[in-house]
Amino acid sequence: MLEASSVAAEESRNLSELSNVDKWPKVVMRLAPFPSGPLHIGNARMVVLNDYYVKRYNGELLLVFDDTIGSAEKVVEPDAFEMIPEGLEYLGVEWHRTVYKSDRLELFYKYAVDLIERNEAYVCDCDAEVWRKEHKAKEKACKCSILSVEDNLARWEKMLDGTYPERGAAVRLRTGMADPDPAMRDHVILRISESEHPRVGTRYRVWPLLEYSWGIDDHELVVTHIIRGKDLVKEGKIEQHIWNIYDWQHPELIYYGRLKFQDAKLSKSKSRREVLEGVYTGWDDPRTWSMQSLEKRGIHPDAVRKAMLDLGLSVVDISISMKTVYSENRKLQDASAPRMFFVEAPVWVELTGLPPEIQEAEAPVHPDFPDRGVRQIPLGRSSDAAVPFVAGISERDLKRLTKGEIFRLKDLANFTLKKGRRPEATFHSVEVDNVRTVGGSIIHWIPRETAVPVEVTMIDGAVVTGHGEPSIKNIESGTFLQFERVGFACVFDVGDPVRVAFAHK
RNA sequence: GCCCCGGUAGUGUAGUCCGGCCCAGCAUCUAGGCCUUUCGAGUCUAAGACCCGGGUUCGAAUCCCGGCCGGGGCACCA
């Protein structure tokens with residue numbers, strides 16, 4: 001029930017029906033992340049699309065960690081087994097079962113033997129580079145491919161028992177040396193790796209490649225629809241080759257194009273390095289663009305979902321801006337975000353002549369919803385009218401003001417800027433209209449005596465220090481708020497200083 | 001070099017399969033007006049696109065051919 005309504009609420013205009021749904025008892029899809037780190041914004045499309053369709057068809061979603069041994073460049077990061085589900089939960093993805101590729105090696109071995117016995121695969125001990133140049137490029141089968149089934153089985157045993165060293169032999173699928181597409185010629189499907197695996201250690205030394213493991217598992221797990229990036233079309237073709245050998249029903253293959261973000265540089269390996277070296281504050285550092293980091297910034301998961309779903313399922317490569325996500329987020333959260341004053345690196349201005357009876361300012365919690373009440377901003381000033389009240393404003397605002405100009409400290413009073421090397425201003429009046437009629441600036445500010453130190457982590461990781469109005473101390477951690485005229489941010493630490501993560505303008 | 005895929009405003013996307021309802025819709029971005037004690041929200045307006053060339057047709061973004069441009073693959077990575 002809940003699921004149906006959540007899908008109904010999502011924009012689906014750009015997403016057509018899945019094909020051949022009626023040919024299967026129920027729709028089953030899978031999420032297949034390689035556990036090298038947490039999910040980042042670049043993975044969100046794959047995740048959201050699969051989740052969306054599973055919900056739309058009331059199907060089943062599998063989380064399958066694609067944790068085969070990888071390579072020197074692609075290393076399994078053990079923490080990812082925790083961080084990926086965290087990211088999924090943030091996104092509101094509901095999966096029904098978790099599977100680890102590394103638990104299924106025996107299955108892949110069983111089929112490997114069967115494929116060899118059917119003479120659909122053979123063990124090749126050629127040097128990889130030689131094979132590429134002399135055999136693949138020239139469409140010439142190598143000597144291994146004419147070996148008998150018995151010889152191949154013997155070689156297979158030698159792969160398993162350690163007779164062959166790493167790279168000493170590999171199992172190739174007979175996809176055909178004459179295939180016009182060089183990518184398809186007798187592809188390797190299993191190879192030797194003695195790297196230690198974080199889950200199964202060194203129990204296995206022969207590991208499947210992605211296209212092979214999925215050729216088997218998409219069938220074994222009864223996956224019906226596969227939505228994935230178009231960088232995997234060759235893998236899809238090899239899977240189909242395997243399905244044809246066994247005459248298995250083909251799952252539907254759906255590809256989407258590459259997604260780039262103009263304003264976010266995504267690199268899991270760089271993030272991993274920087275997190276390890278302490279350059280980044282952790283996997284929730286904004287520069288990782290992880291789900292954790294978006295959550296910390298108060299980006300609503302539905303903003304991410306909406307932005308991803310709006311892209312549809314086009315196979316074209318696209319480049320979008322995070323601004324579309326931010327725009328969605330504003331729509332979702334502006335109405336609920338309390339307003340607050342924050343001044344970065346305040347310039348302190350002496351204000352004279354403010355009537356002594358004015359001891360505090362009142363500002364609405366949210367201008368569109370007066371019923372939510374007001375924030376009290378105690379000025380903490382002396383009751384002696386001769387002592388100036390000191391307020392902090394941003395340097396940017398000060399620079400924009402011209403001498404003699406009337407301006408307003410929002411929700412407090414109007415002042416006139418005086419000349420002088422130190423910024424000073426004199427009280428003009430209280431009524432807003434006095435500044436509005438002359439088109440004067442209305443700026444945000446904080447009182448020096450009662451302001452609270454605040455640290456803002458910007459999107460590029462820079463930490464900006466400043467002060468917030470006193471009431472920020474009473475805000476709960478996790479609150480998504482708006483610093484008036486500055487932007488939206490999310491509080492993640494209510495200590496001293498109060499720490500917030502900047503979300504967007 | 002060889003295979004495959006794709007090209008609608010700045011960015012995305014709808015329409016393309018089954019040609020006319022599209023002198024092309026929507027979102028975002030940009031500019032401006034209104035509103036507002038925020039540079040937010042809301043609201044109104046403006047600007048902005050069918051890669052090029054042929055062909056078929058009464059009629060083409062939609063079909064055909066050629067070209068150009070872009071992307072992906074050709075790993076004992078995922």
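Letters A, B, ... mirror the listed sequences (proteins, then strands); counts begin at 1. FYI, side chains are in, hydrogens and waters are out, and symmetry mates aren't considered; it's all heavy atoms of this structure.
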| message | Taking salt bridge (charged side-chain N to carboxylate O under 4.0 Å, His left out) as the cut-off, I'd like each qualifying pair that reaches into residues 152-162 of chain A, sequence neighbours left out, listed once. | response |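 Qualifying pairs, neighbours excluded: Asp125(A)-Arg155(A).
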| task | Enumerate the residue pairs fulfilling salt bridge (charged side-chain N to carboxylate O under 4.0 Å, His left out) with a member in residues 255-271 of chain A, sequence neighbours excluded, ordered by first and then second residue. | result |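 Residue pairs with at least one partner in residues 255-271 of chain A: there are none.
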Given atom [atom1] of [X] and atom [atom2] of [N], what is their separation to the nearest angstrom?
{"X": "Arg396(A)", "N": "U38(B)", "atom1": "CZ", "atom2": "C1'", "value": "12 Å"}
{"X": "Ile320(A)", "N": "G10(B)", "atom1": "CD1", "atom2": "C1'", "value": "14 Å"}
{"X": "Lys306(A)", "N": "G12(B)", "atom1": "NZ", "atom2": "P", "value": "17 Å"}
{"X": "Asp302(A)", "N": "A27(B)", "atom1": "CG", "atom2": "P", "value": "20 Å"}
{"X": "Leu15(A)", "N": "A14(B)", "atom1": "CG", "atom2": "P", "value": "9 Å"}
{"X": "Lys323(A)", "N": "G12(B)", "atom1": "NZ", "atom2": "C1'", "value": "14 Å"}
{"X": "Asp310(A)", "N": "G25(B)", "atom1": "CG", "atom2": "P", "value": "18 Å"}
{"X": "His428(A)", "N": "U37(B)", "atom1": "NE2", "atom2": "P", "value": "19 Å"}

What is the minimum heavy-atom distance between [X] and [Y], and which atoms define it?
{"X": "Ala264(A)", "Y": "Met322(A)", "result": "CB-CG, 4.4 Å"}
{"X": "Val325(A)", "Y": "Ala303(A)", "result": "O-CB, 3.8 Å"}
{"X": "Val304(A)", "Y": "Ala44(A)", "result": "CG1-CB, 3.9 Å"}
{"X": "Cys124(A)", "Y": "Trp131(A)", "result": "SG-CD1, 3.9 Å"}
{"X": "Leu401(A)", "Y": "Ile443(A)", "result": "CD1-CD1, 4.4 Å"}
{"X": "Trp445(A)", "Y": "Lys410(A)", "result": "NE1-O, 2.8 Å"}

Please report the distance separating the [atom1] of [N] from the corresponding atom of [M], rounded so that it comes out in whole Å.
{"N": "G54(B)", "M": "G59(B)", "atom1": "P", "result": "15 Å"}
{"N": "C22(B)", "M": "C68(B)", "atom1": "C1'", "result": "26 Å"}
{"N": "A14(B)", "M": "U57(B)", "atom1": "P", "result": "32 Å"}

Hey, is the side chain of [X] pairing donor to acceptor with the base of [N] inside 3.5 Å?
{"X": "Gln482(A)", "N": "A41(B)", "value": "no"}
{"X": "Asp397(A)", "N": "C39(B)", "value": "yes"}
{"X": "Asp411(A)", "N": "U37(B)", "value": "yes"}
{"X": "Arg408(A)", "N": "U37(B)", "value": "yes"}

Side chain of [X]: nearest nucleotide among [options]?
{"X": "Phe34(A)", "options": "U13(B), A78(B), G40(B)", "value": "A78(B)"}
{"X": "Ser319(A)", "options": "G73(B), C76(B), G12(B)", "value": "G12(B)"}
{"X": "Lys74(A)", "options": "U38(B), C77(B), C39(B)", "value": "C77(B)"}

Under a 4.0 Å N-O cut-off, is there an ion pair linking [X] with [Y]?
{"X": "Arg185(A)", "Y": "Glu139(A)", "answer": "yes"}
{"X": "Asp127(A)", "Y": "Arg132(A)", "answer": "no"}
{"X": "Lys237(A)", "Y": "Asp181(A)", "answer": "yes"}

Of the residues in [range], which ones touch RNA chain B at a heavy-atom distance under 4.0 Å?
{"range": "residues 326-341 of chain A", "result": "Ser327(A), Arg330(A), Lys331(A), Asp334(A), Arg339(A)"}
{"range": "residues 128-137 of chain A", "result": "Ala128(A), Arg132(A), Lys136(A)"}
{"range": "residues 183-196 of chain A", "result": "Ala183(A), Val188(A), Arg191(A)"}

| said: Is there a ring-ring contact (aromatic ring centres under 6.0 Å, His included) between Phe108(A) and Trp207(A)? Walk through the geometry before answering. | reply: CA-CA 9 Å; Phe108(A) 304 134; Trp207(A) 288 86; 9.2 Å; no
| field | side chain to side chain contact (heavy atoms under 4.5 Å, CB included) partners for Arg400(A), two or more places apart | value |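 Once residues adjacent in sequence are excluded, the partners of Arg400(A) under the side chain to side chain contact (heavy atoms under 4.5 Å, CB included) criterion are Arg396(A).
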| task | Can you sort out the partners of Pro346(A) under side chain to side chain contact (heavy atoms under 4.5 Å, CB included), two or more places apart, ordered by chain and number? | result |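 Checked Pro346(A) against side chain to side chain contact (heavy atoms under 4.5 Å, CB included); matches are Val343(A), Trp348(A), Ile446(A), His467(A).
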| said: By nearest heavy atom, map Thr68(A) and Lys260(A) onto RNA chain B; which one lands nearer the 5' end? | reply: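 The residue closer to the strand's 5' end, by nearest nucleotide, is Lys260(A).
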| RNA chain B: His444(A) or Thr324(A), which has the more 5' nearest nucleotide? |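 This one resolves to Thr324(A).
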Decide whether [X] and [Y] meet the rule of one side-chain donor and one side-chain acceptor closer than 3.5 Å.
{"X": "Asn329(A)", "Y": "His504(A)", "result": "yes"}
{"X": "Asn20(A)", "Y": "His225(A)", "result": "no"}
{"X": "Ser471(A)", "Y": "Arg375(A)", "result": "no"}

| message | Tell me which pairs pass side chain to side chain donor-acceptor pair (under 3.5 Å) where either residue lies in residues 165-179 of chain A, with sequence neighbours left out. | response |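 Residue pairs with at least one partner in residues 165-179 of chain A: Asn119(A)-Arg174(A).
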Looking for any heavy atom pair under 4.0 Å, which part of the strands does [X] touch: base, sugar-phosphate only, or nothing?
{"X": "Leu311(A)", "result": "sugar-phosphate"}
{"X": "Phe488(A)", "result": "sugar-phosphate"}
{"X": "Glu166(A)", "result": "nothing"}
{"X": "Gly312(A)", "result": "nothing"}
{"X": "Ser36(A)", "result": "nothing"}

| request: Give a yes/no verdict on a cation-pi contact between Arg228(A) and Trp214(A), requiring under 6.0 Å between NZ or CZ and the six-membered ring centre and an angle within 45° of the axis. | output: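 That pair does not qualify as a cation-pi contact.
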| Glu77(A) CD to Phe34(A) CZ distance, which is reported to the nearest 0.5 Å |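 Atom-to-atom, Glu77(A):CD and Phe34(A):CZ are 10.5 Å apart.
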| Does Ser71(A) put a side-chain nitrogen or oxygen below 4.0 Å from OP1 or OP2 of A78(B)? |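 For A78(B), neither OP1 nor OP2 has a side-chain N or O of Ser71(A) closer than 4.0 Å.
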Please write out each protein N/O paired with an N/O of nucleotides 3-8 of chain B under 3.5 Å, distance rounded to 0.1 Å.
residue	atom	partner	partner atom	Å
C3(B)	O2'	Asp181(A)	OD2	3.1

| said: Please give the stem ranges for RNA chain B, sorted by first residue number, where a stem is three or more consecutive Watson-Crick or G-U pairs and both donor-acceptor distances are under 3.5 Å. | reply: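 Result, WC/G-U stems under 3.5 Å: B:1-7 with B:68-74, B:10-13 with B:25-28, B:30-34 with B:42-46, B:51-55 with B:63-67.
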| request: Could you encode protein contacts along nucleotides 46-51 of chain B as a string, one character per nucleotide from 5' to 3', using B for base contact, S for sugar-phosphate-only contact and - for no contact, with a heavy-atom cut-off of under 4.0 Å? | output: ------
| request: Check the angle between the aromatic planes of His444(A) and Phe341(A) and answer parallel, tilted or perpendicular using the 30° and 60° thresholds. | output: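 Plane angle between 30° and 60°, so tilted.
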Provide a list of protein-nucleic acid N or O atom pairs under 3.5 angstrom, restricted to nucleotides 16-18 of chain B.
none

